[in-house]
Structures are given as structure tokens and as C-alpha cells.
Amino acid sequence: MRICWVGLFSGWVALLGAFPAWGANQDPLGRIAFGSCYKPEKETRIWGEVEKFSPQLWIWLGDNFYNDFIEGKYIPSNDDPKAFEKGYAKLGSSPAMRTLNSLLPDRVMATWDDHDYGKNDAGKEYDRKEESRRAFVKFWGNPDRSDGVYSSKDWGPRGKCVRVILLDTRFNRDLLPPKGKGTSEGDMLGEAQWIWLEEELSRPGADLVLIGSSIQFVSEKHPYEKWSNFPKAKQRLLRLIVKTRAKGVIFLSGDRHKAEISCSNYNPVGYPLYDFTSSGLTEGSSLRNEENPDRIGNFYSGYNFGGIRVDWETSDPKITLEIHGEDGRVAESVSFPLSQLAPRGR
Ligand SMILES: [Fe+2]
């Protein structure tokens, strides 16, 4: 019997092409990008800039579309029974998804914020949350859990592993205190998500841990949504990082319609805690000033996305956080060695 080696080889190539590359998550992530606050109907040049950055992973941090923004106007609540179906259809055919699908199919992770959850500043009281959760899971493919859309995934080989943990800060969140008026004793995540988060932070193998939270973790002085509206929950998360001995933690956040890099040097974790905020992809701010003693450099209020570079080739990997503007400039950046994100003695 004669064997046709050319035919056999091309058959294997065709067969391999039919499946995702084996070990697709195994190449080290050197470029990660994220963004939030996106109205698919608005014109923006930001996706051209994302394309130039060429991320190996893209993270959506919420307000991925605005369910309560119809025909150019905000409405208190969207009563359309097909609201979520229509919202995701609009997002699905947007320039954002066209760019991301061509760049990196299967290399997108997502969580939500209030406007794609369904309603401004909404939490666990939101009456369409289960319907919204099902629509989210169907579109993004997150795990189908009964209590929210939180998810986690490891990227890269051993010794160069990035763990991305995306929190759900909506589905179980207690009522928000009135804007600018004090704090709440309530919770942000719900017990099941806390238990899951402890497991994710304890699991060995991660060299860098990116915790995506729709709202800001470090910045405390402004009157808008933030973790410090719920000080008990914020302390609980800080204590959890200490308890699980998690190293290399960086927070990513959105929501604010401005971008900034905050770093809290005085916290129980025992190493500098960065909170890199990027917002929004199509939303900006006329804000001139905002108190944030932990901010590095200036905030940026034009359309933006967040870029994270990791140079794994040096013995102490170098991390660079960059705010990328729609105009192609890097508005602000900061670099530090990964070893900085470990408490002495641990
Ligand atoms: Fe937003």
C-alpha cells in the first residue's frame, strides 16, 4: 500500500485548524487591554488605537452598553420586554465587537456595571436582574451561576501566569447610601461570591492577579459609587488578600468616565495597591478637579482604554500601566517591578 504523505500531512493541518490551538492560554500575556462605558451608537476612534496596541486579552469592565440610554436620552428604567435582547444585538454588531473578533476571538472576558446590568446605580433590588443575568451569560459565555456573572481565568504558562478575576458588584449589592451621604454597613458581593473569591485568591500558580471591579476600589473622596461606600466589604476584601497571601494583586476599575491610576501605599495588604481605572470608551467628563491623594500623575477625561504591558523576559518582570487616549497618546503611565507587589517576609 502506498501512503500519500502530502495528503496525510495536509489532512492533519486541516484537522488541527478545526480546533482552537492546543494550549491557547499558554503563551505569556505581554499586552492586556481593558475598557468600560461604551455606547455602541457613538462614533469613536478608540478601536483603531486598541488595534494598534494589539492586546492578547481584552477585558470589559461594565457599562458595555447602556440599557437605559434610548434614542440619545437617559431614561429612569427601560420597560421594553426585549430590552436586553436589543441591547446585546446592538453591541454584537458594533465596531467594538468587529475589532475584537478580528483581533482575538476567545480572548475576551467581561463583567458588568449598572447600565448594562440594567439601571443606573442598581444593586440586588433590581427587579429584572435574573433576566439580565441570563442575557449576559448568553452573550459573553460566563459561567451560568444563579447569583451573578463573576468569573476567573488563568492565562500563560507556569512562572508567567496572569489570573484575571472579574467581580460582580451588582447582583448581590445592598442598597447604596444616598449620593455623597455617608456609608452603608451592607455588602457588595454576597456570601457565595466571597467564598468563590477566597478560593480564587488561594489557588496557587498565579504570578500576577488582576481583580476587575466595575467601580473604583482605592479612590475614596468622590461622591460617586465606590467600594468605600461599603467600608465593611472593602475591609473584608483587604483582609482576604492578607489571609490568602495573594501576591501581585492589581485592581482594574471603570465607571467614572475618566481614567486614572491610583496607588494606596498604606493598607493592610503590606504592598502598594494599584487601582487602574479606565472609563470610558465613548464617555468623557468635563470634571476639572477631583480629590484623590492616591492618584499618580493626572486623571484623563477623554475617551480612553487601559493598557497593561508585562515584560516577562527580565528576571523581575516589569509591569507598565498606560492610559491610552483616542488621539493615540499615552496620557499617563507608570512602571514598577512585579516583586514590588509582595509584602516583605511573605
Ligand atoms: Fe458608565
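Read the numbers this way: they start at 1 and go in the same order the structure lists the ligands and their atoms. For the numbers below, each heavy atom of this structure counts, side chains included, while hydrogens, waters and symmetry mates do not. Numbers here are sequence positions counted from 1.
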Quiz item: So which N/O/S atom does D63 have closest to the Fe ion (ligand 1)?
Solution: OD2

Quiz prompt | Salt-bridge contact E199-R163 (side-chain N to carboxylate O under 4.0 Å) | solution = no

Quiz item: Is D255 close enough to the Fe ion (ligand 1) to have an N, O or S atom under 2.8 Å?
Solution: no

Exercise. Check whether any N, O or S atom of H257, backbone or side chain, sits closer than 2.8 Å to the Fe ion (ligand 1).
Key: yes

Self-check item: Closest non-hydrogen atom pair between G30 and W312, with its separation
Solution: N-NE1, 4.4 Å

Practice problem: Spell out, as yes or no, whether a donor-acceptor pair under 3.5 Å connects the side chain of Q216 to the backbone of K226. | Solution: no

Practice problem: Specify whether an N/O/S atom of S279 falls short of 2.8 Å from the Fe ion (ligand 1). | Solution: no

Quiz item: Does NZ belonging to K258 count more than 12 external heavy atoms closer than 6.0 Å?
Solution: yes

